[in-house]
Amino acid sequence: MTKKINLFANLKSDFASGLVVFLVALPLCLGIALASGAPLMSGIISGVIGGIVVGFLSKSHVSVSGPAAGLTAIILTAITDLGAFDIFLTAVFISGLIQLALGFIKAGSISNYFPTNVIEGMLAGIGIIIILKQIPHAFGYDADFEGDQSFIQSNGSNSFSSLFEIFNHIQLGALVITVVSLVILIAWDKVPFLKKLKLIPGALIAVISGIVLNEVFIMSGSSLAISNAHLVTLPVPTSFDELKAIVITPNFSGFLNPKVWIVGLTIAIVASIETLLCIEASDRMDVHKRYTDTNVELKAQGFGNLLSSLIGGLPMTSVVVRSSANNNAGAKSKMSAIIHGVLLLISVLAVPVILNKIPLATLATILILVGYKLAKPATFVHFWEKGKYQFIPFIATLVAVVTTDLLKGVLLGILISIIFILKGNLKRAYSFKKEEYVDGDIIHIDLAQEVSFLNKAAIKSTLNDVPENSKVVINAEDTVYIAHDILDLIREFKETRAVDENINVKLKGFKKAYYIDNSPDTANHVSFEHYYDVAKRVMVKKEVFKD
């Protein structure tokens with residue numbers, strides 16, 4: 001049962017998190033536009049639309065949309081092949097139409113079939129990429145553009161070998177600012193009285209400190225002064241005519257070009273898959289365990305790409321880096337994404353000169369901590385303890401995401417998970433019956449003998465439709481195996497949403513090994529080698545309470 005969202009209910013925390021996301025998104029929007037061979041402002045326009053428009057239309061509470069590094073190669077090739085940026089914008093317009101169609105035919109439901117260990121592997125892989133890519137910026141070596149996620153660099157080196165090149169390009173001023181920023185950010189999370197200042201995010205203090213330090217270095221004539229090459233570079237319009245020139249409209253004569261339709265279809269497919277992966281990951285990160293309607297998300301992304309193309313913006317997706325920064329900053333609702341979009345817009349119109357004083361080293365420090373939270377050692381230990389059938393897809397996804405790209409990594413993880421399922425001779429079909437419930441009913445959810453992650457979509461939908469103030473019995477008396485995805489889903493429902501919405505949940509037949517009422521760190525887990533089997537079905541029925 002989806003609650004109505006009051007966008008202003010948590011304005012204090014949402015404004016603080018929106019400010020943090022703005023600071024992270026600004027250089028990423030510019031860097032991705034630069035790498036895509038597009039006008040720099042096209043990245044900012046995409047970020048503004050992704051924040052304000054998609055943020056408003058989306059049902060996600062913590063995800064943030066904007067230009068994505070995963071599309072840079074596609075965009076660069078497309079602009080070159082099509083010969084003009086305005087023709088490319090027509091392809092973006094077409095991709096928006098296709099995404100709208102995908103939303104209406106409910107293609108977003110495929111995200112429910114992404115296994116949790118694969119999603120977590122993707123997040124950890126992105127975390128490692130962020131750390132590897134931002135360490136050079138932290139030392140003042142800015143040869144790579146902000147937002148790059150490719151393992152192999154244009155000069156032939158890779159993300160690991162590039163770390164050794166840092167020692168030949170260390171900028172001491174950048175290193176000093178990095179250390180100061182790191183101390184501020186850690187102190188803001190650890191020192192009790194600083195943690196209470198939620199309205200003032202540590203990232204903002206770090207950015208202000210970085211600007212002030214560098215200005216002191218410049219005024220004192222110190223060799224530590226950071227040059228413009230190591231600062232944010234936001235275009236500064238000097239007249240109204242220059243501001244108007246930022247807006248480039250599509251050349252709709254491209255509708256007659258088959259290549260434009262191929263590019264539009266490619267962008268729509270890749271952007272939609274990346275969005276669905278990010279939404280699933282964002283829902284996993286959400287401390288309140290709220291679920292996003294992925295079909296609505298595809299419609300929101302489609303409308304966002306339509307509008308972005310009409311005013312000269314890049315195509316967008318929901319993006320893990322911004323979403324993770326948003327969640328870590330304490331976002332409560334999608335208002336934080338909207339605020340970040342508004343701040344991007346203001347930055348273009350009002351304060352580009354001030355923003356151009358921000359050292360990239362400070363922003364790199366913020367992103368490194370975001371990356372660490374995505375790839376915490378505890379996550380590796382958690383999946384190791386779950387056994388090889390959970391750990392292998394997790395680690396394979398992580399390695400492939402780091403060394404190839406997000407889509408290939410996730411595809412490999414899902415493929416390995418499917419092989420494990422086939423290995424267990426999982427052949428029986430899955431069926432599910434959904435019914436409407438009325439007040440006073442007991443809702444029974446009877447689990448079959450074997451329940452795998454393939455059941456996640458149906459169980460998630462059922463739990464999401466449970467009305468407030470109801471009574472639910474989840475019966476596992478006949479169940480010999482439940483996938484960890486399903487266990488997490490039921491545990492999160494019982495401990496979070498059921499408490500928030502006064503839902504009385506009774507669990508029957510859950511063994512201690514299922515750790516529904518026990519910590520996953522202390523429970524005796526079921527061996528996957530013994531229990532990994534096919535999902536049969538989940539039967540849902542209702543029974544009226546009797547006096």
Side-chain angles (χ1 to χ4, degrees), residues 29 32-33 36-39 41-60 63-111 247-279 292-319 337 341 407:
C29 289
I32 290 169
S36 301
M41 289 305 298
S42 65
I44 298 292
I45 291 170
S46 178
V48 171
I49 300 298
I52 299 174
V53 178
V54 177
F56 180 77
L57 296 175
S58 171
K59 297 296 184 183
S60 177
S63 75
V64 182
S65 296
L71 295 176
T72 53
I74 296 173
I75 297 171
L76 181 61
T77 303
I79 293 175
T80 303
D81 289 347
L82 297 178
F85 184 67
D86 59 349
I87 296 289
F88 168 75
L89 291 177
T90 304
V92 179
F93 185 87
I94 291 171
S95 74
L97 292 176
I98 295 172
Q99 284 186 298
L100 279 172
L102 291 173
F104 279 109
I105 65 174
K106 301 188 183 303
S109 58
I110 66 171
S111 67
V247 178
I248 303 174
T249 56
N251 182 348
F252 286 114
S253 65
F255 269 118
L256 303 176
N257 186 345
K259 288 184 178 180
V260 172
W261 284 87
I262 293 173
V263 171
L265 179 62
T266 303
I267 292 173
I269 292 173
V270 175
S272 296
I273 294 174
E274 289 204 11
T275 290
L276 294 177
L277 288 167
C278 180
I279 289 298
T292 301
D293 187 328
T294 48
N295 297 310
V296 172
E297 185 66 29
L298 286 180
K299 295 175 188 176
Q301 295 288 334
F303 187 78
N305 278 322
L306 284 175
L307 185 56
S308 181
S309 70
L310 292 175
I311 57 176
L314 292 177
M316 69 192 68
T317 72
S318 180
V319 190
L407 295 183

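Pairing each heavy atom of G264 with each of S95, the nearest pair is O-CB, 3.2 Å. Taking every heavy atom of both residues into account, G66 and S46 meet most closely at C-OG, 3.9 Å. For the residue pair G302 and Q99, the shortest heavy atom distance occurs at CA-CB, 3.6 Å. For the pair E274 and A68, the tightest heavy-atom approach, listed with the atom from each and the gap, is OE1-CB, 4.1 Å. A pairwise comparison of heavy atoms in A33 and G43 identifies CB-N, 3.8 Å as the closest pair. Here the closest heavy-atom approach between residue A337 and residue V64 is recorded as CB-CG2, 4.1 Å.
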*Can you list the steps and then say if F85 with L314 is a side-chain contact (heavy atoms from CB on, under 4.5 Å)?*
CA-CA 10 Å; F85 184 67; L314 292 177; 4.3 Å; yes

*Yes or no on side-chain contact (heavy atoms from CB on, under 4.5 Å) for C278 and T275, after CA distance, side-chain angles and deciding distance?*
CA-CA 5 Å; C278 180; T275 290; 5.8 Å; no

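For the pairing with E297, the side chain to side chain donor-acceptor pair (under 3.5 Å) check across S58, S60, S272 returns one residue only, S58.
In the model, S65 has a side-chain atom that pairs as donor or acceptor with a side-chain atom of Q301 under 3.5 Å.
By the 4.5 Å heavy-atom criterion applied to side chains, L97 and L306 are counted as neighbours. Using a 4.5 Å heavy-atom threshold, the side chains of I279 and S111 count as separate. Within the 4.5 Å cutoff, the side chain of F252 has no heavy atoms near those of the V260 side chain. Counting heavy atoms from C-beta outward, L298 and L276 have side chains that approach closer than 4.5 Å. Looking only at side-chain heavy atoms (C-beta outward), T90 and L82 stay at 4.5 Å or farther from each other. Residues I267 and N305 fail the side-chain proximity criterion, which asks for heavy atoms closer than 4.5 Å. Side chains of I79 and I75 form a contact here, defined as non-hydrogen atoms less than 4.5 Å apart.
S36 places a side-chain N or O within donor-acceptor distance of the main-chain N or O of I32, the cut-off being under 3.5 Å. Checked by atom type and distance alone, the side chain of T266 pairs as donor or acceptor with a backbone atom of I262 at under 3.5 Å. Using modelled atom types, no side-chain atom of N295 and backbone atom of I105 make a donor-acceptor pair closer than 3.5 Å.
Residue I45 holds its CD1 atom at 7.5 Å from CD1 of I248, rounded to the nearest 0.5 Å. The CG atom of L307 lies 7.5 Å from the OG atom of S309; values are rounded to the nearest 0.5 Å. Atom OG of S253 and atom CG of D86 lie 7.5 Å apart (nearest 0.5 Å). In this structure, the separation between CD1 on I110 and OG1 on T294 is 8.5 Å, given to the nearest 0.5 Å. Atoms OG1 and CD1, from T72 and I74 in turn, are 8.5 Å apart once rounded to the nearest 0.5 Å. Taken from CD1 in I49 to CZ in F303, the straight-line distance is 9.0 Å, to the nearest 0.5 Å.
Counting heavy-atom neighbours within 6.0 Å of F93 CZ, excluding the residue itself, gives a total above 12.
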